Structures are given as structure tokens and as C-alpha cells.
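Quick note on labels: first sequence line is chain A, next is B, and so on, each numbered from 1. For clarity, every value in this text was computed on a predicted model and none was experimentally measured. As a basis for the values below, the full set of heavy atoms in this structure was taken, side chains included, without hydrogen atoms, waters or symmetry mates.
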Number of protein chains: 2
Amino acid sequence: MPKSSTVNKTPIACTDHNHEHCIEEALIKAEQLCAKRGARLTALRRNVLRLIWKNHAPLGAYDLMDMLAEEDTRRVAPPTVYRSLEFLLDQGLIHRINSLNAYVGCHSPSDDHEEYFLICRECGVAVEVPAKEISRAIDKNAEAMGFTIETQTLEVVGLCPNCK
Amino acid sequence: MPKSSTVNKTPIACTDHNHEHCIEEALIKAEQLCAKRGARLTALRRNVLRLIWKNHAPLGAYDLMDMLAEEDTRRVAPPTVYRSLEFLLDQGLIHRINSLNAYVGCHSPSDDHEEYFLICRECGVAVEVPAKEISRAIDKNAEAMGFTIETQTLEVVGLCPNCK
DNA sequence: TTGGTTGCTGTTATATTATTACGTTTCAGA
DNA sequence: TCTGAAACGTAATAATATAACAGCAACCAA
Ligand SMILES: [Zn+2]
Ligand SMILES: [Zn+2]
Ligand SMILES: [Zn+2]
Ligand SMILES: [Zn+2]
């Protein structure tokens, strides 16, 4: 079954899984990637990334500030967390969900991938889905209208398997 | 040429056209639609819609407030304009562009249509494009993952024909 | 090591976008 | 004309994000 292995199935974020493993893996990947690029994953940035990965639902910047305050006993000001978010976005380690003003960990930060999000309006989980075909269709369409595309944002809201 | 008439071409918003006509037409359509539905397109709401249609680039809520102030010599507070926006959104007369926190007139408010936006990062123009096929592909994909989709948001940023 | 440069973080203030709460006015329908 | 619901006015505030500048730490070249 060479093709059927790529068939969609229930995303891991919606299953009862070992989530500590998700976090661990994401942090290791991030460290490797930053090392390779000569980018500095500082303690603060690593912390922000870890907190973002704490669950599969996007987190707002001010949520992150609160969580940092709880852990560190020291209040962090908005610019601090926004700068970390900017770094993580630049490195492709997280994505921003515009419709939620929130941030979520990226599942394949090493690829230069096109992706979109299935967001559950009930539990908040955001599942990242590869968007290669869709993305290409959009590109082609836009090209025919004389547009040159630089970035695409596709966000889909509905109900996840658990919340139905 | 029965099919080729549906082929994409340079969108009207990116051409040198009689824009007064765009505005006029949008307002007439809006009036007819609201009349048919028994919805009240009040002076304020009509005004907000007209200002949104003043060009083909999305406008922020506070831009609208400023424009209303200029015209009316009377300051309008945020809730006032946000309520009008909510009404216009509910009636499908405008769309919200999440990535810009801005609002733009809808080209086919009478249909229950799936649409997406090509946004020029240079001149700000936002072109509405029907997204039927793409939308269906996304639905099908999501279904296979156990998601039930309620709303989709696709926003594409790039350069329009004029700004290239 | 030293000194210079760059990048990261801290801090204060402020900008931008949006909502809550409550009182008043308007208006369609009885 | 009366009445209830919808629309609007107003003040306060919430939520999200950025600007501007100062201090510090890491890195590199001399
Ligand atoms: Zn997990
Ligand atoms: Zn859910
Ligand atoms: Zn026009
Ligand atoms: Zn343009």
C-alpha cells in the first residue's frame, strides 16, 4: 500500500496521545534547526516555544505572558514575548492564526511547506494540514488574474472528531 | 465560447474603471437585498457601506470612524461603527479580512458564496474570487480527517497586476 | 585580553483594535 | 396613540500590538 499510507486520518492532536512526547520532540527539532542555521534559541525563546506546544490549541501573546509569569515569578512585558514570537515565526517554528490572534507550534518546521489549519471552535485545537495541491490551484488561479502570490493564509473553523 | 467566458482575467478593481459606478451599484444591491429580507439599512449603515466601497482596498473600523467624522462633523464612537459592521457582515454585504483587521465590500452579496481574497501588499486592493472548487476540496479533505467544517477563511497576499 | 559590534532583553509609554454596560431614541406594528 | 424591540449614543475599559530607548551579553577581530 504505497499510496494509501498518505490517506488522511484522525489527526494526532485529536487523539488521546502522549503529549509530553509532542513537546519534547518539537523542542529537540527546534534546537537542531536553530543550531544548523546559526540562530540563537535563547532560554526565553525556548520557553515561549515550550509553552506554545503545551497543548494543540493556539495561544495568545497575553496568555503566554501570564504563563511565563506563573512559572518564573517574574512579569514579562509585551515586547519581550512579541519579540520571541517574531523570532519563532521567522524560523518557521510556529504559525500565527490570524482569525484568533493566536500562535501555534509548527509540525514540520524544517520544510518550507504550505499549510492550513483546521480549528475546532469547541476545544480550540488547531490541526496543521499540508496544502500543496490547494496552494498550487490558488497560485494558478491568481496567475491567470495577473496576481503574483507571496503568502497564503487558509484557516478553517469547525468541529473536530472529539467535539462532534 | 460558452466556457471561456468564465476564464479568469484582470479583476475590475485593478483596472481604470468608473468606480462611482461600483459604489452606486453596491448600494442599490444592498437596498434591494435588505428590503427583500426586511432588514433595516439605516442611514448610518448605508453610510458605512458607502465608505467601505469608496475604494477596493479594505478599511479599518477606525478609518471608517475618521471618515464619518470628516463628513458628518460629528464624532462617532467605536461601538456605533462596530455595530454597523456587524450588521453588514451578517447581511453578507461586506467581508472581514482577518489578516488586516479590515473590512471590504462584497461583490455578490445575494449569493451564499464561498470566496477568497487576493490582497495586494502594495496598493492594498483586495479582490474577491469565487472559491467553489477549492472550498469543496478542503471540505472533502477535512471530512476524511473527521472534521466538520463551518467556515473557511482564505486570504492571499501578493502583488496585483498594477503594482508589479 | 581588550575593545568594538551586534543582537537580545528590560522598561516605559503608547498605539490600535474591539467590547461591555447602560441609558436614550426611533420605529414598526398593534 | 401606545408599546416593545431594535438601533443608536456615550463612557469606560479590554485585548492585542508596537515604538523608543537603555542596559547587557555574546561574539569576533585585533
Ligand atoms: Zn500532542
Ligand atoms: Zn474539538
Ligand atoms: Zn470600483
Ligand atoms: Zn496593487
Atom of B:L41, atom of B:C34 and distance for their closest heavy-atom approach: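 For B:L41 and B:C34, the tightest heavy-atom pair comes out as CB-SG, 4.0 Å.
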So, for A:H21 and A:H19, is the gap between ring centers shorter than 6.0 Å?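 Distance test on ring centres: not under 6.0 Å, no.
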Please confirm whether the ring centroid of A:H107 lies under 6.0 Å from the ring centroid of A:H95.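 Not close enough - the centres of the two rings lie 6.0 Å or further apart.
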salt_bridge(B:E71, B:R50) N-O dist < 4.0 Å: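 Here B:E71 pairs with B:R50 in a salt bridge, since their nearest N and O are under 4.0 Å apart.
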Ion pair present between A:D66 and A:R75, side-chain N to carboxylate O less than 4.0 angstrom?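 Yes, A:D66 and A:R75 are salt-bridged.
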Could you go step by step and tell me if A:V129 and A:F117 meet the side chain to side chain contact (heavy atoms under 4.5 Å, CB included) rule? CA-CA 6 Å; A:V129 181; A:F117 291 94; over 6 Å; no
Hey, which sits more toward the 5' end of DNA chain D by its nearest nucleotide, A:P78 or B:A77?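 Going by which nucleotide is closer to the 5' end, it is B:A77.
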What is the distance from [atom1] of [X] to [atom2] of [N], rounded to the nearest Å?
| X | N | atom1 | atom2 | result |
| --- | --- | --- | --- | --- |
| B:L44 | D:dG9 | CG | P | 6 Å |
| B:L64 | C:dT17 | CG | C1' | 13 Å |
| B:D90 | D:dA7 | CG | P | 10 Å |
| A:M65 | C:dG10 | CE | C1' | 13 Å |
| B:N98 | D:dA17 | CG | P | 12 Å |
| B:L85 | C:dA18 | CG | P | 9 Å |
| A:L100 | D:dA15 | CG | P | 16 Å |
| B:N47 | D:dC8 | CG | C1' | 14 Å |

Under 6.0 Å from the [atom1] atom of [X], do we count more than 12 heavy atoms belonging to anything else shown?
| X | atom1 | result |
| --- | --- | --- |
| B:E31 | CD | yes |
| B:K164 | NZ | yes |
| A:D90 | CG | yes |
| A:K29 | NZ | yes |

Proximity to DNA chain C (any heavy atom under 4.0 Å), residues of residues 50-63 of chain A only: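 Close to the strand, none.
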Report the nucleotide, chosen from C:dT12, C:dT19, C:dC8, that has the shortest atom-to-atom distance to any side-chain atom of A:R40. C:dC8
Among the candidates C:dT12, D:dA6, D:dT16, find the nucleotide nearest to the side-chain atoms of A:N101.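 So the side chain of A:N101 is nearest to D:dT16.
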Hey, what bend do you get for the helix from C:dT1-D:dA30 to C:dA30-D:dT1 if you fit axes on five pairs at each end, rounded to 10°?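 For the helix from C:dT1-D:dA30 to C:dA30-D:dT1, the axes at opposite ends meet at about 30°.
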Under 4.0 Å between a side-chain N or O of [X] and OP1 or OP2 of [N]?
| X | N | value |
| --- | --- | --- |
| A:Y82 | D:dA17 | yes |
| A:R45 | C:dC8 | yes |
| A:R46 | C:dC8 | no |
| A:Y103 | D:dA17 | yes |
| B:R83 | C:dT20 | no |

Scan B:T80 against the nucleic acid and name what it touches under 4.0 Å (heavy atoms): base, sugar-phosphate only, or nothing.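 Answer is base: heavy atoms of B:T80 come under 4.0 Å of a base.
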